[in-house]
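Below is one structure; the comments refer to it alone.
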Amino acid sequence: MDEKKLPTQEENFSDWYNQLVLRAELADYSPVRGCMVVRPYGWALWENIQKALDQRFKATGHVNAAFPLLIPQSYMTKEKEHVEGFAPELAVVTHGGGQELEEPLVIRPTSETIIGTMYARWIQSYRDLPILINQWANVVRWEMRTKLFLRTLEFYWQEGHTAHATEQEAIEETERMLNVYADFAINEAAVPVLPGQKSESEKFAGAKATYSIEAMMKDTKALQSGTSHFLGQNFANAFDIKFLDENNQLQYCWTTSFGLSTRFIGAIIMTHGDDQGLILPPNLAPYQVVIVPIYRKDEERAAVMSVVNKISDELVENGFRIKVDDRDGVTPGFKFNDWELKGVPLRIEIGPKDVEKGSLVLARRDILGKAGKSFIPMEGYLQAVGDTLRLIQENLLAKATAFRDEHIFEVSDYETFKDVVENKGWALGWWYDDAENEANIKADTRATLRVFAPAEGEGVCFYSGKKTKQRAYFARSY
RNA sequence: CGGGGUGUAGCGCAGUUGGCUAGCGCGCUGCGUUUGGGACGCAGAGGUCGGCGGUUCGAAUCCGCCCACCCCGACCA
């Protein structure tokens, strides 16, 4: 047993994941079961995710606000499906200030109810619409089984909540935000997600329709990585969110909500990571470049560090996120492995030979060993760093997309389907929508309908043999 | 909630047929030599053995109860 090495993905994917999260210092277990501490390195990654998303939210007209953590219990019961869906996983506060509360308060599992209540107060006229608010928050859902980032009792996310005058507008918003998520996932995280609609049984409690982006992890399991809900008038009815239209008619609003959580960090880890550790997409990596100085004697150290300092200053000035690893007492070899574990996309090595020759070494995280190293002259290195980071970003997306496509199989009969979802990856096939059949398949194979797929024409359902116009992806999931 | 497992130094573990001063590896501190793919030597620091109770001359070790965490299944972002 070599303690320096991670378990390989091949021998134990779950163990690989758990150890990697801890050893890369993304997160740690908390004293409370099922909760996690997000460590600075993990939080820095989350902050970059936040920036990329927030920018997109602002660009689509949303504004940020903050709603309270505590929600009167009675609010949760106002929407029938919502309460049924969330009741089992609520944390409830019964005491405050040493006294039992008259009405227990639930810790928000999501904020439709409290925000709906406020919207009812704020919206009177069609002139108040649409209202497009997002909040960055933590929520609590009392889950049975937890796993760092993927499912914890408390997690961090953003939840967008919008209210519209017409059904059409709300549907457009739902689709718009699904596309925002897909764009973010693909272009920032290099996670090639498939966006689509969820089945009836997989949809959000209280929604008319739920859409999600589905990502394939390296063990071929699916991960729901972001969701967008069309809530119809369900919450408007339950919370009395009404407005007067142009014709002085009182109408209920149409609302939506959408969320993406720290779970997405899990998606990044399991989409790109390898046996050496994390591989972070340059667009989101806390450090895009790590500089490792190499020297033996004090004279060498001085010469090397003056070059290191110069280029680190220049890189910062040019907007790169960098780290100089000037730790004493650990060897360069150790540092290489350490930053590979942490997934820094690009490493610059500078030693006495480089100083002498006026060159430096670039080492790509996505191509290990000698193959990923290049020796480049000092002049023009800024260009090379930028270019290489772009190449890495592209390569990560290309590799992940190829992996995903290699593990999706078209199926037309149930035997093949079972073989695919149990041994090979995702199944794609014609599907006659039927909740009972869906449940049977789940009981039989543990695979669930991830999302409906684009479909043209008509085909025969792989399970029921019925004619259908719908196609769907099925897979085992997290 | 069902099944399985584990609690001994920061981490990973040994010790568990009761026995004397509780040990090993990694990590940590100091000094020196090292440094282009996970360095080495010397000297150190660090423990209510998960908790409570019981048996005993004596408990990490035996018994009882409790607690916590991890893994696998039913629910979920």
Side-chain angles (χ1 to χ4, degrees), chain A residues 1-6 12 14-15 17-19 22-23 28-35 84-90 109-110 138-159 181 198 201-205 210 212-215 222-229 257-267 276-277 292-298 300-301 304 325-341 347-356 359-361 363 368-370 372-373 375 439 442-443 446 448 477-478:
Chain A
M1 266 295 250
D2 190 349
E3 285 178 0
K4 287 169 180 167
K5 284 218 156 63
L6 286 170
N12 191 339
S14 178
D15 206 25
Y17 177 87
N18 287 331
Q19 285 202 33
L22 295 175
R23 288 173 53 172
D28 202 350
Y29 293 105
S30 99
V32 177
R33 176 198 79 87
C35 292
E84 282 168 7
F86 280 106
E89 48 187 69
L90 291 179
T110 179
N138 55 341
V139 290
V140 168
R141 298 180 184 178
W142 218 264
E143 301 288 351
M144 293 299 176
R145 225 182 106 210
T146 59
K147 188 160 180 152
L148 293 169
F149 288 118
L150 300 184
R151 192 181 301 100
T152 46
L153 298 199
E154 180 186 18
F155 59 91
Y156 302 87
W157 74 344
Q158 59 66 219
E159 45 179 325
Y181 285 154
K198 288 292 207 183
S201 42
E202 295 277 327
K203 76 173 197 210
F204 175 75
T210 287
S212 78
I213 50 171
E214 296 286 326
L223 185 71
Q224 179 172 314
S225 307
T227 51
S228 184
H229 314 291
S257 66
F258 50 92
L260 184 146
S261 75
T262 37
R263 168 182 269 193
F264 200 89
I265 291 175
Q276 198 68 15
V292 178
I294 295 153
Y295 45 75
R296 290 189 194 81
K297 305 183 168 69
D298 280 349
E300 286 178 350
R301 179 197 166 100
V304 166
D325 189 350
D326 57 1
R327 281 179 291 179
D328 273 330
V330 281
T331 60
F334 180 89
K335 293 176 181 177
F336 297 168
N337 283 283
D338 196 34
W339 291 109
E340 280 167 8
L341 176 74
R347 180 177 71 239
I348 295 178
E349 304 168 15
I350 298 176
K353 291 180 211 160
D354 300 297
V355 173
E356 199 180 309
S359 65
L360 49 75
V361 177
L368 286 172
K370 283 232 169 69
K373 286 200 188 191
F375 302 80
K442 184 176 178 182
R446 278 167 49 211
T448 50
S477 72
Y478 278 97

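A, B, ... follow the sequence lines: proteins, then strands. Residue 1 opens every chain.
For A/Ser225, there are no side-chain hydrogen bond (donor to acceptor under 3.5 Å, both in side chains) partners two or more places apart in sequence or in a different chain.
Between B/A39 and B/U35, the distance separating the two P atoms is 12 Å to the nearest Å. Look at the P atom in both B/G36 and B/A43: the space between them is 26 Å, to the nearest Å. Nucleotides B/C24 and B/G5 have their P atoms positioned 30 Å apart, rounded to a whole Å.
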Check nucleotides 69-74 of chain B for protein N or O atoms closer than 3.5 Å to its own N or O atoms and list the pairs.
from	atom 1	to	atom 2	distance (Å)
B/C69	OP1	A/Arg33	N	2.4
B/C71	OP1	A/Asn18	ND2	3.2
B/C72	OP2	A/Arg145	NH2	2.7
B/G73	OP1	A/Arg446	NH2	3.2
B/G73	OP2	A/Arg145	NH1	3.1

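Aromatic ring centres of A/Phe86 and A/Phe204: separated by under 6.0 Å.
Nucleic acid contact for A/Leu150: base, since at least one base atom lies under 4.0 Å from a heavy atom of the residue.
No cation-pi contact links A/Arg151 to A/Tyr478, judged by a cut-off of 6.0 Å to the six-membered ring centre and 45° from its axis.
The listed nucleotides are B/G37, B/C76, B/U35; the one nearest the side chain of A/Arg151 is B/C76.
With a cut-off of 3.5 Å on both pairing distances, the Watson-Crick or G-U wobble partner of B/C1 is B/G73.
Taking only distance into account, the side chain of A/Lys373 meets the base of B/G37 through a donor-acceptor pair shorter than 3.5 Å.
Taking atom CG of residue A/Asn337 and atom C1' of nucleotide B/G37, one finds them 6 Å apart after rounding to whole Å.
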